[in-house]
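All residue numbers refer to positions in the sequence shown, counting from 1.
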Amino acid sequence: MMGGGQPVIVLNQNTRRESGRKVQLQNINAGKMIADVIRTCLGPRSMLKMLMDPMGGIVMTSDGNAILREITVQHPAAKHMIEIARTQDEEVGDGTTSVVILAGEMLAVAEQFLDAKMHPIIIIQAYRQALEDALELLNSDEFSMKVDLDDEQKMVEVIRSCVGTKFLGQYGDMACRIAMEAVKIITVETGNTVEIDVKKWARIEKIPGGRIEDCCVLDGLMFNKDVTHPSMRRRIEKPRLILVDCPLEYKKGESQTNVEITGETDFSKMLELEEEHVRAQCADIIALKPDLVITEKGVSDLAQHFLSKANISVIRRVKKSDNNRISRASGATIINRTEELKEEDVGTGVGLFEIKKIGDEYFTFLTGCTNPKACTLLLRGPSKDLLNEVERNLHDALFVARNMRLSPAVVAGGGAIEMALSHALQEKAKSVSGIKQWPYTALAQALEVIPRTLAQNCGGNIIRLLTSLRAKHAAGEKTFGVNGETGELCDMKELRIWEPLAVKQQVYKTAVETAVMLLRIDDIVSGSKKMKEESGAGAMPTDESMMQ
């Protein structure tokens, strides 16, 4: 930058550039801070966080992803940490808290090496190697065990340990049952591929009121709609169902049309034509003698009149996603033009159509489906905020059930697997040559943060606990971990706490990759014109404001 004793300014005046050690330490601190926010949300003794957004809405949750999604941060490294919780949530649905805590810890242990002037690339290579070794160990038989999918008790145990750390933990059995049932309903096996799309086919409907114990999985669907006309039937057994996605009313011109009317009879002629069109549409439908017509668009009064005369119930303006689910559960085809209605388009898979009033609103239930490949999870509970939390927890449980279907292997939970890996990697580190050995060992020790945090959240004596836990693992008892309820050491096999292998693999991959990514950064250039305009003299944000 210096040219003949005079600094040459290359970057714009109000651009702030930070480079080298300062940035790396800042990134590490940002990572640590984010991890600290979530630290108390790990394990069965986890605390809830209550977040208020500027609009005055509240979120109460202990789901790592949900918390991070709600808080606004400025520091770019912190934003990156939030991103990983989201990835984790979308990929495997569970382990969002662990992944952030681990990534924060891996950054924290790298600090000492940066202080010792070790080059980040060396640390990164060591981390990468450790990750590969860890994944290899995870897949080996001594760390993970295969699960028989038909062994329901085992499946329940796995889902149970996922839900046990959440708010729904008190209703563990119910949550497991719901998740298992829902996943079983929506699983579609074509040849040797299994498709389980939780988001698309398992809809979660929340209705405040009732008790949490009243939550259930319907063998069919429900949605928040009522019939269009009070005289229509509200309960039909074995209904014949037609799904339409065109409006049952007179079509307005696509483009603007001007009509000139000369004779006075012409106007009534036009109205007749409109009426004729609607009548024809209804006639097409009535010809198939359905009991129920569901459309995504509107239904005119006239069409309503014709259909209710033929004793057909009509429900209009149903969401497209709901319509797809109905089609999948009832076997009806969604049609776009009434002229093309055929007998095979009629759905007969529904056992009962009925409209119930719950609280102030009417809900349509289509239940008793013969082979529904879509379902609705009906949640009840005292308040909206609580239901949102229940929904988030169920989302995790559903994903765990899904992961188990797709890759049926588990590892011991309760921090046992981290401790076992930590021990194995520390042994392996002895064979790593040269300077890389140190960061490699450090990463192995960073894994201990999970059992440590579990113990911390129970208020146990951490140092004594971890020492005895290390001793157990050194003696080869690989399934020992921290009992999150009591904060004591115990064998996870006896406690029956398991975690899906897929979740753990994803956690380690994401955590290490993130740590590596943030260690790689040695320069942050933040320049913005806006700032200059706002404060007149391009005031730069201080470190404190960056860290918030």
Shortest non-hydrogen contact from Ala30 to Ala77? CB-CB, 4.0 Å
Which atom pair, heavy atoms only, marks the closest approach of Leu398 to Val183? O-CG2, 3.7 Å
Is the closest basic N to carboxylate O distance between Glu340 and Lys342 below 4.0 Å? no
How many angstroms lie between CG in Leu68 and CD1 in Ile84, if you round to the nearest 0.5 Å? 8.5 Å
Taking only residues two or more places apart in sequence, or in another chain, which ones meet Gln505 in a side-chain hydrogen bond (donor to acceptor under 3.5 Å, both in side chains)? Asn139
Restricting to pairs with a member in residues 290-319, which pass ring pair (Phe, Tyr, Trp, His ring centres under 6.0 Å), not counting sequence neighbours? none
Nearest atoms (heavy-atom pairs only) where Trp201 meets Asn324: CZ3-O, 3.8 Å
Separation between CG of Asp491 and CZ of Phe480, rounded to the nearest 0.5 Å: 5.0 Å
Not counting sequence neighbours, which residues clear salt bridge (Lys or Arg N to Asp or Glu O under 4.0 Å) with Glu90? List them please. Arg86
For Gln88, check side-chain hydrogen bond (donor to acceptor under 3.5 Å, both in side chains) against everything at least two apart and list the hits. none
Scanning both residues in full, the closest heavy-atom pair of Glu418 with Leu447 reads CB-O, 3.5 Å
Which heavy atom of Val482 sits nearest a heavy atom of Pro451, and at what distance? CG2-O, 3.7 Å
Under the side-chain contact (heavy atoms from CB on, under 4.5 Å) test, which residues partner Ser468, sequence neighbours left out? Leu489
Under the side-chain hydrogen bond (donor to acceptor under 3.5 Å, both in side chains) rule, collect the residues that match up with Thr87, sequence neighbours excluded. none
Shortest non-hydrogen separation from Phe143 to Leu137 and the atoms involved: CD1-O, 3.2 Å
Give me each pair satisfying ring pair (Phe, Tyr, Trp, His ring centres under 6.0 Å) with a member in residues 367-402, each pair once, sequence neighbours excluded. His395-Phe399
Got Met33 and Val37 here, is their nearest side-chain heavy-atom distance under 4.5 Å? no
Below 3.5 Å, can you tabulate the donor-acceptor pairs from side chains in residues 286-303 to any protein atom, sequence neighbours excluded?
{"unit_1": "Asp291", "atom_1": "OD1", "unit_2": "Arg233", "atom_2": "NH2", "d": "3.2"}
{"unit_1": "Asp291", "atom_1": "OD2", "unit_2": "Arg240", "atom_2": "N", "d": "2.9"}
{"unit_1": "Thr295", "atom_1": "OG1", "unit_2": "Cys246", "atom_2": "O", "d": "3.3"}
{"unit_1": "Thr295", "atom_1": "OG1", "unit_2": "Lys297", "atom_2": "N", "d": "3.0"}
{"unit_1": "Glu296", "atom_1": "OE1", "unit_2": "Lys320", "atom_2": "NZ", "d": "3.2"}
{"unit_1": "Glu296", "atom_1": "OE2", "unit_2": "Lys320", "atom_2": "NZ", "d": "3.3"}
{"unit_1": "Glu296", "atom_1": "OE2", "unit_2": "Asn323", "atom_2": "ND2", "d": "2.8"}
{"unit_1": "Lys297", "atom_1": "NZ", "unit_2": "Asp245", "atom_2": "O", "d": "3.1"}
{"unit_1": "Ser300", "atom_1": "OG", "unit_2": "Leu248", "atom_2": "O", "d": "3.3"}
{"unit_1": "Ser300", "atom_1": "OG", "unit_2": "Ala303", "atom_2": "N", "d": "3.3"}

Any salt bridge (Lys or Arg N to Asp or Glu O under 4.0 Å) pairs touching residues 215-231, not counting sequence neighbours? Asp226-Arg234
Checking Arg39 now: which residues fulfil side-chain hydrogen bond (donor to acceptor under 3.5 Å, both in side chains) with it, not counting sequence neighbours? Asp36
Measuring from Leu394:CG to Lys206:NZ, what's the distance to the nearest 0.5 Å? 11.0 Å
Straight-line distance of Arg402 CZ to Met404 CE, nearest 0.5 Å: 13.0 Å
Which pairs count as side-chain hydrogen bond (donor to acceptor under 3.5 Å, both in side chains) when at least one residue sits in residues 346-358, sequence neighbours excluded? Arg235-Glu354
For residues 373-387, dump all side-chain donor-acceptor pairs below 3.5 Å to protein atoms at least two apart in sequence or in another chain.
{"unit_1": "Lys373", "atom_1": "NZ", "unit_2": "Thr187", "atom_2": "O", "d": "3.2"}
{"unit_1": "Thr376", "atom_1": "OG1", "unit_2": "Met222", "atom_2": "N", "d": "3.2"}
{"unit_1": "Arg380", "atom_1": "NE", "unit_2": "Ile207", "atom_2": "O", "d": "3.1"}
{"unit_1": "Arg380", "atom_1": "NE", "unit_2": "Gly209", "atom_2": "O", "d": "3.2"}
{"unit_1": "Arg380", "atom_1": "NH2", "unit_2": "Gly209", "atom_2": "O", "d": "3.3"}
{"unit_1": "Ser383", "atom_1": "OG", "unit_2": "Leu386", "atom_2": "N", "d": "3.4"}

